[in-house]
Chemist: 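There's a structure below that I have some questions on.
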Amino acid sequence: STVLRKCIDNMLLHVVLIEADMKRLLADCIFAAHVFLRGSSYPHVSFRDIAHCVTVFRRFFIEHLEPELGLPVRDCILGAVATTYATKLPEAEREGFYAALPFGKDGLGVFEAVQHKVVGHIPVAQDVVMNAALRENVYMMVVGVVLRIPVFVVGPPGTSKSLSKTVVSVSMQGEASASPLFRRFPAVQMKVMQCSPHTQTAALEEHFRTCAETPDGVVVLE
């Protein structure tokens, strides 16, 4: 626990845009989230997750959502921690996760409200229902694209995985985006590769190389 605390504090040294009490709250939330996941059905957490959480907080919430949406810093903290940790967990364990944070069980409602505010800036067709699965998929894809963090969207058929990819692709048009919030984000060109057990390493390398040569290219493996 002492090593974990020290690692978190060291990674927060460069977070200078918030007050000391908010920085302590962020550290406490990361610590509680990290400890909770270690004892959950998804115990695969490392110091890299701490770095990801700090990046999500600084470069997504503080740089974009706080000024554009007027999010309070407390909501930014909860949003960054939930984005990094809670989304790894199955629904059955999320209530316990939020109860372990300084926010208590109200944290779930705060994070859902954050998702609604981000996804609410996306125009969708009238026949598309923005249910909880689609909302979270779209939100996580947007975060991944903006921060260049890999995102794995996992779920059985009918959980809006393909639809969320389409929604993000249509919505993220850079300065041509319909929403002022999304004009802050990069444009994307999704390069999809259908994979199978027979997919070879050389084919994957070629796909990544081609995508890297494409302006705003984003690799999508299905």
Side-chain angles (χ1 to χ4, degrees), residues 1-40 42-89 93-121 135-136 138-151 180-186:
S1 294
T2 301
V3 174
L4 177 59
R5 279 284 188 185
K6 184 175 294 186
C7 178
I8 294 171
D9 289 341
N10 286 340
M11 290 191 185
L12 292 180
L13 287 175
H14 301 295
V15 179
V16 297
L17 299 178
I18 60 175
E19 299 294 332
D21 60 333
M22 290 293 101
K23 185 180 289 191
R24 176 47 49 193
L25 178 61
L26 176 57
D28 290 344
C29 285
I30 294 175
F31 180 83
H34 209 86
V35 171
F36 182 89
L37 259 74
R38 282 179 174 175
S40 72
Y42 188 91
H44 313 293
V45 288
S46 68
F47 290 159
R48 182 178 298 174
D49 293 286
I50 300 173
H52 280 178
C53 188
V54 174
T55 297
V56 171
F57 176 74
R58 290 176 59 235
R59 294 185 49 219
F60 189 74
F61 280 88
I62 296 302
E63 288 186 14
H64 296 299
L65 299 196
E66 184 192 28
E68 189 65 42
L69 303 182
L71 283 183
V73 175
R74 286 178 61 87
D75 290 4
C76 291
I77 291 172
L78 187 282
V81 173
T83 298
T84 307
Y85 292 97
T87 54
K88 299 177 185 290
L89 295 169
E93 295 183 59
R94 294 191 183 186
E95 184 175 343
F97 170 85
Y98 288 107
L101 300 183
F103 289 85
K105 294 182 180 180
D106 291 342
L108 175 59
V110 173
F111 185 45
E112 288 180 345
V114 169
Q115 290 183 17
H116 276 292
K117 288 181 179 180
V118 174
V119 177
H121 284 253
R135 184 185 69 240
E136 183 166 300
V138 169
Y139 169 81
M140 289 301 297
M141 286 185 183
V142 170
V143 174
V145 169
V146 172
L147 302 183
R148 294 182 175 272
I149 295 176
V151 174
L181 174 62
F182 277 74
R183 292 187 201 120
R184 289 175 166 266
F185 302 154

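Only heavy atoms go into these numbers, but all of them, side chains included; no hydrogens, no water, no symmetry mates.
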Chemist: Could you measure the distance from the CG atom of Leu101 to the CG atom of Leu25? Nearest 0.5 Å is fine.
Modeler: 9.5 Å

Chemist: Taking only residues two or more places apart in sequence or in another chain, which ones pass ring-ring contact (aromatic ring centres under 6.0 Å, His included) with Phe36?
Modeler: Phe97

Chemist: Please enumerate all residues that pass side chain to side chain donor-acceptor pair (under 3.5 Å) together with Glu112, with sequence neighbours excluded.
Modeler: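 Side chain to side chain donor-acceptor pair (under 3.5 Å) list for Glu112, sorted by chain: empty.
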
Chemist: Taking only residues two or more places apart in sequence, or in another chain, which ones meet Tyr139 in a side chain to side chain donor-acceptor pair (under 3.5 Å)?
Modeler: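 Side chain to side chain donor-acceptor pair (under 3.5 Å) list for Tyr139, sorted by chain: Thr83.
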
Chemist: Rounded at 0.5 Å granularity, tell me how far OG1 in Thr87 sits from CZ in Phe111.
Modeler: 6.0 Å

Chemist: Sort and list the pairs that fulfil side-chain hydrogen bond (donor to acceptor under 3.5 Å, both in side chains) and have at least one residue in residues 43-56, not counting sequence neighbours.
Modeler: Asp49-Lys88

Chemist: Can you tell if the side chain of Phe57 reaches within under 4.5 Å of the side chain of Leu12, non-hydrogen atoms only?
Modeler: no

Chemist: Go through the structure and list residues passing salt bridge (charged side-chain N to carboxylate O under 4.0 Å, His left out) with Arg135, not counting sequence neighbours.
Modeler: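 Once residues adjacent in sequence are excluded, Arg135 has no partner under the salt bridge (charged side-chain N to carboxylate O under 4.0 Å, His left out) criterion.
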
Chemist: Can you list the residues that meet the ring-ring contact (aromatic ring centres under 6.0 Å, His included) rule with Tyr85, with sequence neighbours excluded?
Modeler: His34

Chemist: Tell me the closest heavy-atom pair linking Leu89 and Ser40, and the distance in Å.
Modeler: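 What the structure gives for the nearest pair is CD2-OG, 3.5 Å.
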
Chemist: Once side chain to side chain donor-acceptor pair (under 3.5 Å) is applied, do any residues pair with Asp106, and if so which ones, sequence neighbours excluded?
Modeler: none

Chemist: If you take all heavy atoms of Lys117 and His121, which pair is closest and at what distance?
Modeler: O-CD2, 2.8 Å

Chemist: Applying side-chain contact (heavy atoms from CB on, under 4.5 Å), run through Arg38 and Val45 and close with a yes or a no.
Modeler: CA-CA 7 Å; Arg38 282 179 174 175; Val45 288; 3.7 Å; yes

Chemist: If we ignore hydrogens and angles and just use 3.5 Å, is the side chain of Arg5 paired with the main-chain N or O of Phe31 as donor and acceptor?
Modeler: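 No; zero donor-acceptor contacts below 3.5 Å.
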
Chemist: To the nearest 0.5 Å, tell me how far Ile30 CD1 sits from Ile50 CD1.
Modeler: 7.0 Å

Chemist: If every non-hydrogen atom of Ala100 is compared with every non-hydrogen atom of Ala32, which pair is closest and at what distance?
Modeler: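 Taking Ala100 first and Ala32 second, the nearest heavy atoms are O-CB, 3.5 Å.
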
Chemist: Taking the side chain as C-beta and beyond, is there a heavy-atom pair between Val151 and Val143 under 4.5 Å?
Modeler: no

Chemist: Does Lys23 have any salt bridge (charged side-chain N to carboxylate O under 4.0 Å, His left out) partners at least two apart in sequence or in another chain, and if so, which?
Modeler: none

Chemist: For residues 58-81, which side-chain donor-acceptor pairs fall under 3.5 Å, sequence neighbours excluded?
Modeler:
residue : atom : partner : partner atom : Å
Glu68   : OE1  : Arg184  : NE           : 3.0

Chemist: Can you pull out every salt bridge (Lys or Arg N to Asp or Glu O under 4.0 Å) where at least one residue sits in residues 8-19? Sequence neighbours excluded, please.
Modeler: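 Matches after skipping sequence neighbours: Asp9-Arg24.
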
